[in-house]
Amino acid sequence: MRWGIFSDIHANAPALEAVLADIARRGVDRHLCLGDLVGYGPHPAEVVDRIRDLGCPAIAGNHDLAAIGRLDTSDFNPYALEAVAWTASRLSSEQEAFLGDLPLTWRSGSVSAVHGTQDAPREFLYLQTLDHAQRLLVEQETFLGVFGHTHVPVTFALSGEQVGLTYERRVDLSSVDRALVNVGSVGQPRDEDARAAWVLFDEVARTVEIHRVAYDFEAVAQTIFAVGLPPVLGERLRYGV
Ligand code: ZN
């Protein structure tokens, strides 16, 4: 089975279309979406409809729950809060219901998925230390764990008691015990690469490949400026921050 896994679309429809086209070109058996369909970007309704129509497994991110009033947003920054209110005003009741039905975790075969971390799926923690990665990997019930939330692609791997991390674009996992992969962000990358990110996991070969796809971020930035979202949300797309 070849998986096309992506996360943090953030209402950026052109980035999502570029990723789906790249996935189709490379060929996968299944798609998997790790949440934050909406928030920040100017196309929340289009992105929700596109993911619903894909019919793939998808899980909820913090921005999805925030947009439908199901998350305490007191720790959101002012730009994110403004985007939450704007997003909420653009969603139909059907689109809200779709987001509300997304589970917090998902699992099938050798893959388990969460937006933040499996030890607290509803708290949307940022995985930032090797110690935390090691605890998660030791408790992980599948060979591969995939997540998003930080918008920075990275692979953690466990061999025996040893945990390591790499930012390599292609990682051979055939000799490790378990791995935990952040698939980066489709619609708002934060690793100083403006291109959209997604991950191809080959379940038989046990490899992960982080792919980057160019799209017209300037057009999305201009739409953000035009619809009245905070301009910083458009400017950051140019730099991938
Ligand atoms: Zn996000």
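First listed ligand is number 1; within each ligand, the first listed atom is number 1.
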*asked:* Can you see whether His149 engages Asn182 through a side-chain donor-acceptor pair at a distance of less than 3.5 angstrom?
replied: no
*Cation-pi check, Arg238 onto Phe217 ring (under 6.0 Å, within 45° of axis)*: no
*Do Leu158 and Leu144 belong together in a cluster built from hydrophobic side chains that touch within less than 4.5 Å?*
no
_Side chain to side chain, Phe156 and Leu137, heavy atoms closer than 4.5 Å_ = yes
*Are Arg170 and Asp202 within salt-bridge range, i.e. N to O under 4.0 Å?*
no
*Can His43 and Asn12 be counted as having a side-chain donor-acceptor contact under 3.5 angstrom?*
no
*Sphere of radius 2.8 Å around the Zn ion (ligand 1) - protein N, O or S atoms inside*: Asp8 OD1, His10 NE2, Asp36 OD2, His151 NE2
